[in-house]
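Worksheet: the structure to be examined is printed underneath.
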Amino acid sequence: MRWSTYFLPTLKEVPVEAQIPSHRLMLRAGMICLSSSGIYTWLPFGLRVLKNIETIVREEQERAGAQEVLMPTIQSADLWRESGRYDDYGKEMLRIRDRHEREMLYGPTNEELITDVFRRFVKTYRDLPKNLYQIQWKFRDEIRPRFGIMRGREFLMKDNYSFDIDKEGAYNSYRKMFEAYLRTFARLGVVAIPVKADSGAIGGDMSQEFHVLAETGESKVFYDVAFEELRHKDLASLDIEKLRNLYAAAEEKHDPQTCPVAPENLKEARGIEVGHIFYFGTKYSEPMKATVTGEDGQLIPVEMGSYGIGVSRLVAAIIEASHDAAGIIWPESVAPFCIGLINLKVGNPDTDKASETLYDALQKENVEVLYDDRDLRAGSKFADMDLIGLPWQIVVGGRSLSMNKIEVKCRKTGLREDLSINEVIKKFTKSTISDGKCV
RNA sequence: CGGGGCGUAGCGCAGCCUGGUAGCGCGCCUGCUUUGGGAGCAGGAUGUCGGAGGUUCGAAUCCUCUCGCCCCGACCA
């Protein structure tokens with residue numbers, strides 16, 4: 001992509017309304033713009049990140065055996081009356097009427113809908129277990145939206161629902177999701193700690209929240225220091241069993257008296273909730289009559305669990321966990337582009353030629369490159385590139401080019417090296433996988 | 001919903017108290033000079049002062065209403 005033609009409106013000055021780093025940086029990096037309170041338009045650069053996260057979440061859901069569906073955003077109030085939640089949910093639920101004065105709502109979550117889908121088709125224990133997921137926009141009419149996308153009213157969420165014949169099956173589904181979540185967050189480049197938590201309005205007795213550690217997190221969490229190894233482990237070496245048994249708890253659930261972790265191994269931090277998994281048994285299947293015939297011929301309400309990942313919130317959470325004074329530092333797995341190619345002297349035949357050669361070669365190799373071909377001063381281009389946080393910067397300028405070298409800078413470490421054009425191409429094509437992400 | 005704050009050029013702000021017909025920085029346009037970390041000089045464009053009503057000879061400024069946004073609290077992926 002050539003920056004000169006790309007819709008990427010960066011801001012030099014910090015917008016006043018934004019208080020936390022992710023909100024400021026998302027506005028300054030031209031990722032989102034406010035439409036109305038808690039509701040945002042995703043601009044091209046931000047949308048690329050959102051899509052990248054979505055892809056990883058989707059891949060890990062499929063790997064764990066869940067199947068994708070897409071349910072409507074607008075739902076009928078009748079279904080919610082069946083579960084009893086139409087009256088319970090309160091003002092967070094956006095209620096609307098259609099032209100026939102029928103009561104509708106914009107879904108804040110989808111247990112009722114999925115239970116309805118399930119009960120229509122599944123009648124026997126032989127068809128269990130099932131696990132269905134979707135990635136869909138939700139709306140919760142928060143009393144006070146804040147922190148940009150972090151706490152918006154409209155948000156993109158992956159939600160899935162497991163159906164099992166008995167409690168043991170349900171726990172098994174739960175465990176699979178636990179593992180899928182650890183894998184998902186690890187791939188997204190963040191450390192997410194699974195903490196015991198209240199299951200809130202949705203109900204149930206087995207429930208964990210996944211929190212990305214960041215100073216601006218909304219809740220306080222306590223956890224075993226061993227979780228910090230997550231940061232340094234690759235996927236293959238994740239020891240799920242060990243992680244499942246480590247201690248972590250939200251502030252409300254943490255009791256220093258009974259905590260099994262020695263004080264010197266107990267860490268305290270703030271976290272951003274990006275995922276929530278819980279088992280809730282027959283809370284919906286019973287009132288909504290989602291039953292199957294068991295081996296003995298009796299009707300049994302199915303055992304359910306539900307599992308959420310805040311996809312749009314993750315964009316902000318990742319930035320909270322990965323930025324510096326100059327801007328965003330994208331983990332490579334979610335970066336909107338792998339490389340930012342800066343031509344410092346647009347119009348100069350030598351830098352133009354070298355830049356175009358690199359741009360073409362990398363594109364041919366399927367590496368995602370944002371080529372800054374704008375005719376601006378060096379300082380602005382460096383500042384913009386640091387702000388938008390692409391993992392690698394390739395700088396083509398007179399200084400190094402006079403020695404037939406190109407400068408390559410790692411955004412995260414700040415380390416630079418001078419390479420020949422061919423070495424640059426080799427460096428990035430060798431480490432590239434098919435979808436254009438650097439490894 | 002309760003408490004506080006703010007809406008003036010694309011962005012960040014001053015002007016408001018004490019009414020006299022709108023300004024600064026950045027950005028934008030033109031030209032020249034500059035060219036590896038948000039350039040310099042010269043010239044230029046841009047505002048129904050959030051909206052409606054009122055007071056007044058005269059309102060960005062005073063009064064009333066209204067809309068929007070932000071912050072603190074209870075609530076939440």
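Source: prediction; values computed, not measured. Values below: every heavy atom of this structure, side chains too, minus hydrogens, waters and symmetry copies. Sequence lines set the chain letters: A, B, ... in the order given, protein chains first and strands last, and positions in each chain run from 1.
Remark: the Arg399(A) side chain and the G37(B) base include no donor-acceptor N/O pair separated by less than 3.5 Å. Counting distance only, with no hydrogens placed and no angle test, the side-chain atoms of Glu407(A) and the base atoms of G36(B) include a donor-acceptor pair under 3.5 Å. In the interface, the side chain of Arg151(A) is paired with the base of C75(B) through a donor and an acceptor atom under 3.5 Å apart. On a pure distance criterion of 3.5 Å, a polar donor-acceptor pair joins the side chain of Glu13(A) and the base of G25(B).
Across G44(B) and G5(B), the matching C1' atoms stand 37 Å from one another, rounded to whole Å. If you take atom C1' in G47(B) and the same atom in G15(B), they sit 15 Å apart, rounded to whole Å. For U48(B) and U8(B), the C1' atoms lie 12 Å apart once the distance is rounded to whole Å. With both ends at atom C1', the span from C17(B) to C63(B) equals 15 Å, rounded to whole Å. Across U21(B) and C32(B), the matching P atoms stand 39 Å from one another, rounded to whole Å. Comparing G10(B) with U55(B), their C1' atoms sit 35 Å apart, to the nearest whole Å. Taking the P atoms as reference points, G38(B) lies 14 Å from C26(B), given to the whole Å. Taking the C1' atom of each, U34(B) and A22(B) are spaced 35 Å apart, rounded to whole Å.
Side-chain N/O atoms of Tyr371(A) and Gln363(A) include no donor and acceptor closer than 3.5 Å. Side-chain atoms of Glu251(A) and Ser219(A) form no donor-acceptor pair, as typed in the model, at a separation below 3.5 Å.
In the set C75(B), G36(B), G38(B), the nucleotide with an atom closest to the side chain of Glu142(A) is C75(B). The side chain of Arg416(A) has G36(B) as its nearest neighbour among A77(B), C75(B), G36(B). Of the candidate nucleotides G38(B), C76(B), A74(B), G38(B) has the atom nearest to the side chain of Lys12(A). Closest to the Val16(A) side chain, of the nucleotides G12(B), A77(B), G37(B), is G12(B). Of the candidates C75(B), C69(B), G37(B), the closest approach to any side-chain atom of Glu92(A) belongs to C75(B).
Computed from coordinates, the Lys91(A) NZ to A74(B) P distance equals 19 Å when rounded to whole Å. The CD1-P distance, from Ile342(A) to U35(B), rounds to 19 Å in whole Å. Atom pair Lys409(A):NZ and G37(B):C1' shows a separation of 9 Å (rounding to whole Å applied). As a whole-Å value, the separation of Ile143(A) CD1 from A77(B) P is 13 Å. Separating the CG atom of Leu34(A) from the P atom of G68(B) is a distance of 12 Å, rounded to the nearest angstrom. Between the P atom of A77(B) and the CZ atom of Phe210(A) lies a distance of 14 Å, rounded to the nearest Å. If you take CZ of Arg377(A) and P of U33(B), they are 14 Å apart, rounded to a whole angstrom. As rounded to whole Å, 9 Å separates atom C1' of A77(B) from atom OH of Tyr181(A).
Nucleotide A77(B) forms a pair with no other nucleotide shown, judged by Watson-Crick or G-U wobble geometry with both contacts under 3.5 Å. Applying the Watson-Crick and G-U wobble criteria (two distances, each under 3.5 Å), G7(B) pairs with C67(B). Base pairing of U34(B) is not made with any nucleotide, judged by Watson-Crick or G-U wobble geometry with both donor-acceptor distances under 3.5 Å. Of the nucleotides present, C72(B) is the one that pairs with G2(B) by Watson-Crick or G-U wobble criteria, both distances under 3.5 Å. When both pairing distances are held under 3.5 Å, C24(B) makes a Watson-Crick or G-U pair with G12(B).
Regarding contacts with the backbone of C71(B), a side-chain N or O of Arg144(A) is found under 4.0 angstrom from either OP1 or OP2. One finds a side-chain N or O of Ser37(A) lying less than 4.0 angstrom from the OP1 or OP2 phosphate oxygen of C70(B). Considering only side-chain N and O atoms, Arg313(A) lies nowhere under 4.0 angstrom from the phosphate OP1 or OP2 of A77(B).
Side-chain N or O atoms of Asn131(A) include none that pairs as donor or acceptor with a backbone N or O of Asn160(A) at under 3.5 Å.
A77(B) has Phe155(A) stacked on its base ring, the centres lying under 5.5 angstrom apart and the planes within 30 degrees of parallel.
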- request: Check the pair Lys176(A), Glu179(A) against salt bridge (Lys or Arg N to Asp or Glu O under 4.0 Å), reporting the backbone distance first and the verdict last.
  value: CA-CA 5 Å; Lys176(A) 268 194 207 161; Glu179(A) 178 175 350; over 6 Å; no

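In summary, the aromatic rings of Tyr307(A) and Tyr279(A) are positioned with their centroids too far apart to meet the 6.0 Å limit.
Environment of NZ in Lys405(A): crowded, with over 12 heavy atoms of neighbouring residues, nucleotides or ligands closer than 6.0 Å.
Relative orientation of the Phe210(A) and Tyr181(A) rings is tilted, given thresholds of 30° and 60° on the angle between their planes.
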